[in-house]
Amino acid sequence: MRFRAKILDVGCLNSFTRVVNTISKLTKTCTLRLTADNLYFMLSDKVANGGVSMWCELDQGNFFDEFQMEGVASDANEIYLELVPENLSRALRTAQNAKSLKAKLTKKHCPCLTLAAELPSLSSVSRVVTHDIPVDVIPRKLWHDFREPTVPDFDVSIYLPPLKTMKNVIDRMKNLSNFLVLEANRSGQMNLKIETDLVSVSTHFRDLGNPPCGDGGSQGASQDLETMAQARVDIKKLQQFLSSQQVNPSKAMCSKLIYPSIHLLPI
Amino acid sequence: MKCVIEGSNVKVFGKAIHALSRISDEMWLDPLEKGLAVRSVGPAHSSYGCFLFTRLFFQLYSLNISSPQAALGRCKLPVKSVLPLFRCSASIERSVDSCKISTGLSDTQVTFQLFCKHGITKTYNLGFQEHDVLQAVFPAHLCPNVLKAQPSLLGDMVIHFPASQEEVTLSVCPKRVTMRNYCEERDQIKVMSTEMSLHPEEFDYFHVGVDSDITFCLKELRGLLSFAESHGLPVYVHFGHPGQPVRFSVENMVLEASVVLATQTDSESEVSVQPGGSEDPAAPSVCLSVERSQSWSPCMPPSVCTGGGVESRPQDAPPTAPPEEQVPSSQGSPVLSRPGNLEYFGLHVATDSGAHAAEPESADPATFRLHSLLFGAVSSPWPNEGDVLHTSLACASDTEEDNMEERSSATPMPIY
């Protein structure tokens, strides 16, 4: 099992860092899957209990100038590692002006993902910062836990309002209740509602726009445009997701509602 | 003592307090003839910080040296009393015109007055405990390794370590300087390790007499580093073998600041510190030597204690040591014990040694191995001035002021 990769372009390094920062805000540990062409950051949690599951697929060619890997076996040319994304984020944070960043799988006191950044210096010899991030290699027999989630049939698909606005609303609602009901319809209307014994609060958004009804739409056009599809979610998890979004400043996002879960897809 | 700090120097003073607050919860104000010294000693006595503001720093500095000691106003204050006065440096810059510090008028209080814009005056009377002032002595001239670096260089080195990182190991050899995080064996499994290395060329001055890896507490140093960065002052680093303390210092026309930190010994010669336990005759220099007075005060031979940990000395025994035990840093100088100097070791003698012994018990095992090791002369750190300061001398501070006039004319006594 071997892995070596290199990033030489500062822009690629910044983008990769932003992705890793987003992930580190979402979860404490996650699984990194390496294949010959892609990297995947995955988290599967118990979705039925209001947990969060995450799947992030990156084309390695978009970030790395060199990328070589050898998986656990020739018929399974992949590597699954469990790591703490915060460590990765911390290692990348101070290497933003690096001349080059090398990543490789090593074995120190335990298996590690070693990142070595070459930094500009005042002398002719560059400064080198090396981070050894401990990882756990996930054995092949557990790989089936990390299948790509299929996008299930959905009732409504809608573009979200500016994330900042939504985050402000949800921050206030979080103080009042643990759960929030998000409902949306195909006319571009979305409501966020909470209800407690003392008070009920709802925020209404209009003219949000719905993406074209492509794959997966259940019941097709027969569904009434005004009918609201509802889902009840844990506010804290939703807030965590919204606050982690750093990747796209334009913030067009798509949300698909299937009772009882919501799929949020950054675009 | 009465002094007035004007204008932008108030912010400088505030930043110094912030830096010292990283070392300990208590600070000492020590008005001296040459200026005001503000000091702080860390827990387990493994770190020491001192900012000396010379007379030039102040718009007004008056010290009545012939007054009785109490009126001089040496005092120990909790840092959290003083820190709020200087908490927000931006607002100090905007609104405070000057700051006046008066001590000695009352036995129990020191007065800080902030004269602000729009005719506002804020007066703070801070209570204190009269306390013997501590001063670490550090023989900078004896250090085999000396580095001088721009503050941004050291800042660039430490930025790679998270704020929560307690200890780091600095390794030097003629080809490379490396800093890496340090963690205990048992923590090592799942902790991310970071190492940063650069070439000696990047230092303004680089003299390595002995290749060495020293492990010290980074947290306590960060205060001085950010002070140096905000004033653009180069930082001098003096150190030697592992186990000997390391000193980081900065200076300019109006102030001198230094932080002395104990370093871990090599694991082979590790000393296990036990409360009230038996002295380990093979112990390296685990010793607290605290001088009350100026390093250059003449007239008394060095009083140095050796042998065994601080914790193991019984409360009422004078500091004696068998002649074969010597403080390595003194390079083989003879050890003298002066029963009269017992009072100087107020840190571990006057306090209840039982409590002191108990102190490291609750400390993190990593600090357990950091020796209370502060010795030498608070002298000029610069190598070329070292020869003047062979005298790391103690002088009773009661008689300090009497010696003030004699100081310039007295010849220093050599140590061997």
Side-chain angles (χ1 to χ4, degrees), chain A residues 13 17 20-21 23-25 28-32 81-138, chain B residues 147-166 168-206 208 213 218 222 225-226 229 232 234-235 267:
Chain A
L13 182 57
T17 306
V20 172
N21 287 345
I23 291 165
S24 69
K25 292 203 170 97
K28 288 219 157 49
T29 57
C30 75
T31 302
L32 170 63
L81 303 169
E82 188 174 316
L83 50 71
V84 173
E86 168 64 27
N87 283 343
L88 195 52
S89 174
R90 187 150 63 82
L92 292 169
R93 191 174 308 149
T94 51
Q96 288 306 293
N97 58 342
K99 295 197 246 179
S100 72
L101 179 80
K102 293 187 196 147
K104 58 186 180 187
L105 207 50
T106 57
K107 184 146 175 67
K108 306 269 160 101
H109 49 273
C110 70
C112 285
L113 186 62
T114 297
L115 262 61
E118 197 184 326
L119 298 171
S121 85
L122 304 167
S123 80
S124 52
V125 180
S126 298
R127 300 177 187 173
V128 177
V129 179
T130 310
H131 301 273
D132 291 316
I133 302 168
V135 297
D136 276 325
V137 179
I138 297 179
Chain B
L147 309 176
K148 176 182 170 191
Q150 290 303 313
S152 52
L153 180 68
L154 292 180
D156 286 347
M157 286 178 86
V158 304
I159 198 173
H160 299 285
F161 302 94
S164 56
Q165 180 64 41
E166 297 265 351
V168 290
T169 301
L170 176 69
S171 307
V172 292
C173 70
K175 296 226 174 66
R176 208 84 189 138
V177 174
T178 306
M179 186 179 273
R180 59 186 174 279
N181 63 332
Y182 172 85
C183 54
E184 290 284 299
E185 291 293 332
R186 58 161 193 276
D187 295 336
Q188 211 167 32
I189 299 301
K190 284 303 170 189
V191 167
M192 176 169 145
S193 88
T194 300
E195 181 176 303
M196 200 261 178
S197 75
L198 42 79
H199 196 272
E201 275 175 8
E202 301 212 46
F203 289 84
D204 291 358
Y205 179 83
F206 184 84
V208 168
D213 303 331
L218 178 61
R222 283 188 190 265
L225 289 185
S226 74
E229 259 186 294
V235 180
S267 44

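All of these numbers come straight from a predicted model, not from anything done at the bench. A, B, ... follow the sequence lines: proteins, then strands. Residue 1 opens every chain.
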Qualifying residue for side-chain contact (heavy atoms from CB on, under 4.5 Å) with Met179(B), from His160(B), Met157(B), Glu195(B): Met157(B)
Residues from residues 99-107 of chain A approaching chain B under 4.5 Å (heavy atoms): none
Contact origin within Leu119(A) toward chain B - heavy atom pairs under 4.5 Å: side chain
Side chains of Glu201(B) and Ser121(A) in contact at under 4.5 Å (non-hydrogen atoms): no
Under 4.5 Å from a heavy atom of chain B, the part of Ala91(A) involved: both
Arg176(B) portion near chain A, given a 4.5 angstrom heavy-atom threshold: side chain
Test item: Ser24(A) and Leu88(A) side chains (from C-beta on) under 4.5 Å apart, heavy atoms: no
Side-chain touch Cys30(A)/Leu83(A), heavy atoms, less than 4.5 angstrom: yes
Test item: side-chain donor near acceptor, Arg180(B) and Ser171(B), under 3.5 Å: yes
Pairwise side-chain contact, Met192(B) with Pro134(A), heavy-atom cut-off 4.5 Å (strictly under): yes
Residue among Leu122(A), Val128(A), Asp136(A), Val125(A) with most heavy-atom pairs under 4.5 Å to chain B: Val128(A)
Side-chain touch Arg127(A)/Met196(B), heavy atoms, less than 4.5 angstrom: yes
Contact origin within Val135(A) toward chain B - heavy atom pairs under 4.5 Å: backbone
Under 4.5 Å from any heavy atom of chain A - which part of Pro162(B): both
Main-chain N/O of Asn181(B) paired to Glu166(B) side chain as donor or acceptor, under 3.5 Å: no
Note: Glu229(B)-Arg222(B) ion pair, threshold 4.0 Å (strictly below): no
Part of Ser124(A) lying under 4.5 Å from any heavy atom of chain B: both
